[in-house]
Number of protein chains: 2
Amino acid sequence: MTSGNPTVPESVTPPVGFTQHDHATCVVDGLSAAEARCSGEGLHFTPVRRKVLEILLQEHRALGAYVILDRLRDDGFGSQPPVAYRALDFLVTNGLAHKIERLNAFIACSHPRARHAPAFMICRLCDAVAEAQSSPARGALGAAARATGFLIERTVVEAEGVCPSCAEKPPEGKRA
Amino acid sequence: MTSGNPTVPESVTPPVGFTQHDHATCVVDGLSAAEARCSGEGLHFTPVRRKVLEILLQEHRALGAYVILDRLRDDGFGSQPPVAYRALDFLVTNGLAHKIERLNAFIACSHPRARHAPAFMICRLCDAVAEAQSSPARGALGAAARATGFLIERTVVEAEGVCPSCAEKPPEGKRA
DNA sequence: GTCCTCCATGTGATTATATAACATTACAAA
DNA sequence: TTTGTAATGTTATATAATCACATGGAGGAC
């Protein structure tokens, strides 16, 4: 990873993401998309909900509900678990965020515009999470479902492994 | 109790399913397979571990650790969480059981003999869980991983929906 | 405007899931 | 026997999620 990194300052050089993002743009775009989506569908994109999405968008990894809650408190919102869980429920229900079941944690949706069956790649070394698309009905699972008459309504597809950044680095112990 | 419904043909390949099983056979076979596997690999299939596997094999759905713990206590084993979690960890590590991440619960492996990437179908009405095979590297997720250089080590593939039995029945409320 | 209702938010308490830390026991190898 | 190691047991605690109920604010009916 040598090039194409013009604007990201070195202040924080976390092994974030598999692809370099301009976080500022990430956050702004994510919030805009959410606003558009909510206003289009008559959903209430309230301050808490917006703040939680903003918190999620600032990271390219999954955050636990209590981490989110801490940050909400810092911003003057309520500090009890239901505050975070309710906002997260809204975001997940409306496709603006996803729960990573493997981690019991949450991440902003990378493709908030389209309805999709998300799949995730989770780096066990740096905790970065990347979202991809899955087509569950097409693979072996879909075949098994059809064969047995199971009706798929929702899928959880999560891969755990090592992201390209961490794979490049020699195993010098965890974390750089 | 007196079910004695042994007539379901196992014509088709899958030892998987929402189909009728002879549970007694299920349990016995599962325990034998585990014994064979452990003795073959020098693993200690101790009483607690055996008991936990037996408990799991008795159900074709996922059980939470604390349910298992209750049953362990009833059978004279230790009654504190680590007792159950350690046995479960042994079973999961050695491929004799799986964790259903979506449910934070555990289920006996249906194919304990072969190394495999399991996929699960979870009925949201009756809680039955069936195990199928997945080939994560072949689908969209595998393509995304190759494209980004992500090294997949383990996958979680879980489908939530309605099993064939429940789909047939008119909605008569959730089962007892 | 006032009232009213709905929905969102806030809070305290509780339940559910999982692990840390350490003592004790079982067993096999030296 | 001694010793090392793995397994089990127990206390305590950490982490994740929900329940139950009170408060407050935006919009509509009148």
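Only heavy atoms go into these numbers, but all of them, side chains included; no hydrogens, no water, no symmetry mates.
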Exercise for review: Indicate yes or no: does Glu101(B) engage Arg102(A) in a salt bridge with an N to O separation below 4.0 Å.
Suggested key: yes
Check your understanding: Taking CG from Asp70(A) and C1' from dT15(D), how many angstroms apart are they, rounded to a whole number?
Key -> 12 Å
Point to revise | Atom-to-atom span, CZ of Phe45(A) to P of dA8(C) - whole angstrom | key: 14 Å
Review point. Between Asp89(A) and Arg86(A), does at least one N-O distance fall below 4.0 Å, as a salt bridge requires?
Key: no
Review point. Once you round it to whole Å, what is the distance between P of dA16(D) and CG of Leu69(A)?
Key: 11 Å
Check your understanding: Taking CZ from Arg49(B) and P from dA6(D), how many angstroms apart are they, rounded to a whole number?
Key -> 11 Å
Exercise for review: Please state whether the phosphate of dG9(D), meaning OP1 or OP2, lies under 4.0 angstrom from any side-chain nitrogen or oxygen of Ser79(B).
Suggested key: no
Check your understanding: Rounded to whole angstroms, how far apart are CG on Leu72(B) and C1' on dA7(D)?
Key -> 14 Å
Review point. CZ of Arg73(A) versus P of dT9(C): gap in Å, rounded?
Key: 18 Å
Point to revise | Value in whole Å for how far the C1' atom of dT9(C) lies from CZ of Phe90(A) | key: 14 Å
**Study point:** Residues which pass side chain to side chain donor-acceptor pair (under 3.5 Å) with His111(A), listed by chain and number, not counting sequence neighbours
**Key:** Gln133(A)
**Study point:** Linked, directly or transitively: Leu96(B) and Val83(B) (ILVMFWY side chains, under 4.5 Å)
**Key:** yes
**Study point:** Same apolar cluster (I L V M F W Y, side chains within < 4.5 Å links), Ile55(A)/Leu103(A)
**Key:** no
**Study point:** Protein proximity profile, nucleotides 17-29 of chain C - base contact B, sugar-phosphate-only contact S, no contact -, cut-off 4.0 Å on heavy atoms
**Key:** BBBB---------
Exercise for review: For residues Glu131(B) and His98(B), determine if any side-chain heavy atom of one lies less than 4.5 Å from a side-chain heavy atom of the other.
Suggested key: yes
Practice item. Report the distance from atom CG of Leu63(A) to atom C1' of dT15(D), rounded to the nearest whole Å. Key: 15 Å
